[in-house]
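The block underneath contains the structure these notes are about, expressed in structure tokens.
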Number of protein chains: 2
Amino acid sequence: MSVPAGVASQRVADELRERILAGRLAPGTRIIQDELAEELNTSRLPVREALRILESRGLVTLRANSGAWVTSMDARECELSYKIRERLEPLLLTESAPRLSEEDIDAMDELQDGIEACTDVEEFLVLDRRLHWAVYRRHEAEDLAAIVNRLWDTTQHYRRAFTRLAFERRGWIIGAEHRLLIQALRDRDHTSAARVLELHIRRTRVELAKHPELFTG
Amino acid sequence: MSVPAGVASQRVADELRERILAGRLAPGTRIIQDELAEELNTSRLPVREALRILESRGLVTLRANSGAWVTSMDARECELSYKIRERLEPLLLTESAPRLSEEDIDAMDELQDGIEACTDVEEFLVLDRRLHWAVYRRHEAEDLAAIVNRLWDTTQHYRRAFTRLAFERRGWIIGAEHRLLIQALRDRDHTSAARVLELHIRRTRVELAKHPELFTG
DNA sequence: GACACCTCCATTGGATCCATTAATGCTTGC
DNA sequence: GCAAGCATTAATGGATCCAATGGAGGTGTC
């Protein structure tokens, strides 16, 4: 076994987060402290602390004297998450955009090339997220970024389900929005960039609302 | 000794939060697990979990293998918190306003009477917060409310310092804004209500920016 | 005299053990 | 046959003990 780097509770939290985001632990799944502890070769204490960490990120729901479950959302909560993103991500963009270099923006176009070339849903999710965070790369607003990151985390599972349905036949819309966003950044037109981003998130929210069946689980 | 209600770690977290929000624990203060545990007649374990809980609420800052401190902000972070509030609280108002009853709105006017009558800073902070949450009372958006609540918590200390400076000579502005907000809600003009709220927060942010000396501690 | 390294102590992180709670299944009575 | 209550069991919450880390202070060397 490899050398455990860093604090155990953080390692456990990272591992658990990875499993949830990758879809290997579905929303609603119960998490038993003993099982995880044994599986990760540690005691239950770091697991308990890891669950607290992930609860604060919204990925896990705790009930006192009862247990822990992977957080699940209903359609209403998910829609609200998107409304929050609509308001916060343009602000985060505003914090980052003035500091982006030409190279930063070139990298975005390359990422978008990759997105347009990819056919696998999991790969799309990774690249799409990477592109958005390339836009925010130069922010100096840790607290705001943490809130936004959390929203991406908690909606990841539903984004996956939605992407499975939609990205093949309507993928060009996302591509168009991404290219418009990148171009506005290149032109240093930060107001337009913020507007495009807001529309991009808003359109996704509206599309998502057309598929309530994604939440009947 | 009285019967301990609920889970110990939550009790410790509540007590610690209360101390920080009441200003009895200043930003930057170090928190030693042993001391708190002894003082609250419990072991270090609930204290550790309480620190995790409060870290997730942004009230304490943890450093691995080092310790815990009451979180402190610089002017930039505080200003950003207000910008986030400017965007999120109107949204939270929108979620609540349509469901507010006449009695709810009457209660707001009564709260505002109390605010205009009060001369003590601590009392003002309590009543002001209570009034704002009276506006949001009928929301069904727990996640959004949690984010906003957290922002109020983390900026509480700076709001106190600012209030000490400003509320006596310019208190009438806050009163005017509050009354306008309540009236818009009474008229069921939710768009205006959201705008007034946004302006109210924005004006406070701009005022606060004039007092950088509040952050040189 | 100044800087670097080493040792010691205070404090946090982790493991094991015990208490407590809550849920489930069985039994009993109606 | 069904419902309610009790008992059993499994999993969480808490306390104590031990290990590891990081900072501070002193000493030795350049």
Side-chain angles (χ1 to χ4, degrees), chain A residues 1-20 24-72 217, chain B residues 1-20 24-72 146:
Chain A
M1 196 177 130
S2 65
V3 180
V7 185
S9 41
Q10 193 61 51
R11 264 178 31 241
V12 175
D14 290 343
E15 171 65 22
L16 200 52
R17 172 173 181 267
E18 209 281 318
R19 289 187 190 185
I20 295 171
R24 284 183 287 155
L25 251 60
T29 307
R30 171 137 191 215
I31 300 167
I32 278 112
Q33 298 183 1
D34 269 326
E35 288 180 8
L36 241 189
E38 188 177 4
E39 195 181 336
L40 299 180
N41 274 76
T42 177
S43 87
R44 256 181 50 220
L45 203 144
V47 173
R48 281 161 71 174
E49 303 205 328
L51 290 175
R52 277 258 141 72
I53 291 173
L54 292 183
E55 185 201 24
S56 77
R57 303 200 55 160
L59 284 174
V60 164
T61 303
L62 298 180
R63 262 174 46 197
N65 282 315
S66 182
W69 289 263
V70 179
T71 303
S72 60
Chain B
M1 193 178 128
S2 66
V3 180
V7 185
S9 42
Q10 194 59 53
R11 266 181 26 244
V12 175
D14 289 344
E15 170 65 23
L16 200 52
R17 172 172 181 267
E18 209 280 317
R19 290 186 189 186
I20 295 171
R24 285 182 288 155
L25 250 60
T29 308
R30 170 136 191 214
I31 300 167
I32 277 111
Q33 298 182 2
D34 267 325
E35 288 179 8
L36 240 189
E38 189 177 3
E39 194 182 336
L40 300 180
N41 274 75
T42 176
S43 85
R44 256 181 50 222
L45 202 143
V47 173
R48 282 161 71 173
E49 303 204 327
L51 290 175
R52 277 258 138 73
I53 292 172
L54 292 182
E55 185 200 24
S56 77
R57 302 199 55 160
L59 284 175
V60 307
T61 303
L62 299 180
R63 263 174 46 197
N65 282 315
S66 181
W69 290 263
V70 179
T71 303
S72 60

*Picking from D:dT12, C:dA15, D:dT16, which would you name as closest to the side chain of A:Thr42?*
C:dA15
_Given D:dG23, D:dT12, C:dA23, identify the nucleotide with an atom nearest to the side chain of A:Arg63._
C:dA23
*Between A:Glu38 (CD) and C:dA15 (C1'), how many Å, whole number?*
15 Å
*Under the side chain to side chain contact (heavy atoms under 4.5 Å, CB included) rule, what do A:Leu16 and A:Leu25 come out as? Steps first, then yes or no, please.*
CA-CA 9 Å; A:Leu16 200 52; A:Leu25 251 60; 3.9 Å; yes
_Test item: A:Glu55 and B:Ile53 side chains (from C-beta on) under 4.5 Å apart, heavy atoms_ = no
_Would you say that A:Leu45 contacts A:Glu49 through its side chain, given a criterion of any heavy-atom pair below 4.5 Å between the two side chains?_
yes
_From C-beta outward on A:Pro46, which listed nucleotide comes closest to its side chain: C:dT12, C:dG14, D:dA15?_
C:dG14
*Does B:Arg30 place a side-chain N or O at less than 4.0 Å from the phosphate oxygens OP1/OP2 of D:dG23?*
no
*Which whole-number value in Å describes the distance from B:Leu51 CG to C:dT11 P?*
14 Å
_Integer-rounded Å distance: C:dT11 P and B:Trp69 CH2_ = 12 Å
*asked:* What contact category does B:Ile31 fall into here, base, sugar-phosphate, or nothing, at under 4.0 angstrom with non-hydrogen atoms?
replied: sugar-phosphate
*For A:Leu45, answer base if it contacts any base atom (sugar-phosphate contacts may also be present), sugar-phosphate if it contacts only those atoms, and nothing otherwise; contact means non-hydrogen atoms under 4.0 Å.*
base
_Counting only side-chain heavy atoms from C-beta out, which of C:dA23, D:dG13, D:dA11 sits nearest to A:Asn65?_
D:dG13
*Tell me which nucleotide among D:dT16, C:dA15, D:dT12 gets nearest to the side chain of A:Ser43.*
C:dA15
_What is the distance, to the nearest angstrom, from the CZ atom on A:Arg52 to the P atom on D:dG14?_
8 Å
*What's the verdict on side chain to side chain contact (heavy atoms under 4.5 Å, CB included) for A:Glu15 and A:Arg19, showing C-alpha distance, side-chain angles and the deciding distance?*
CA-CA 6 Å; A:Glu15 171 65 22; A:Arg19 289 187 190 185; 2.8 Å; yes
*Nearest-Å distance, CD (A:Gln10) to P (C:dG14)?*
10 Å
*Protein-nucleotide distance (A:Asp34, atom CG; D:dA10, atom P), rounded to Å*: 12 Å
*Among the nucleotides C:dG14, C:dT12, D:dG13, which one has an atom lying closest to any side-chain atom of A:Glu49?*
C:dG14
_Does D:dG13 have its OP1 or OP2 closer than 4.0 Å to a side-chain nitrogen or oxygen of A:Gln33?_
yes
*Separation of B:Leu40 atom CG from D:dG14 atom C1', in whole Å?*
15 Å
*side chain to side chain contact (heavy atoms under 4.5 Å, CB included) between A:Val60 and A:Ile20, worked out*: CA-CA 9 Å; A:Val60 164; A:Ile20 295 171; 4.2 Å; yes
*Which whole-number value in Å describes the distance from A:Leu62 CG to C:dA22 C1'?*
16 Å
*Nearest listed nucleotide, side chain of A:Arg48, among C:dG14, D:dG14, D:dT12*: D:dG14
_Closest to side chain of A:Arg44, choosing from D:dA11, C:dG14, D:dG13_ = D:dG13
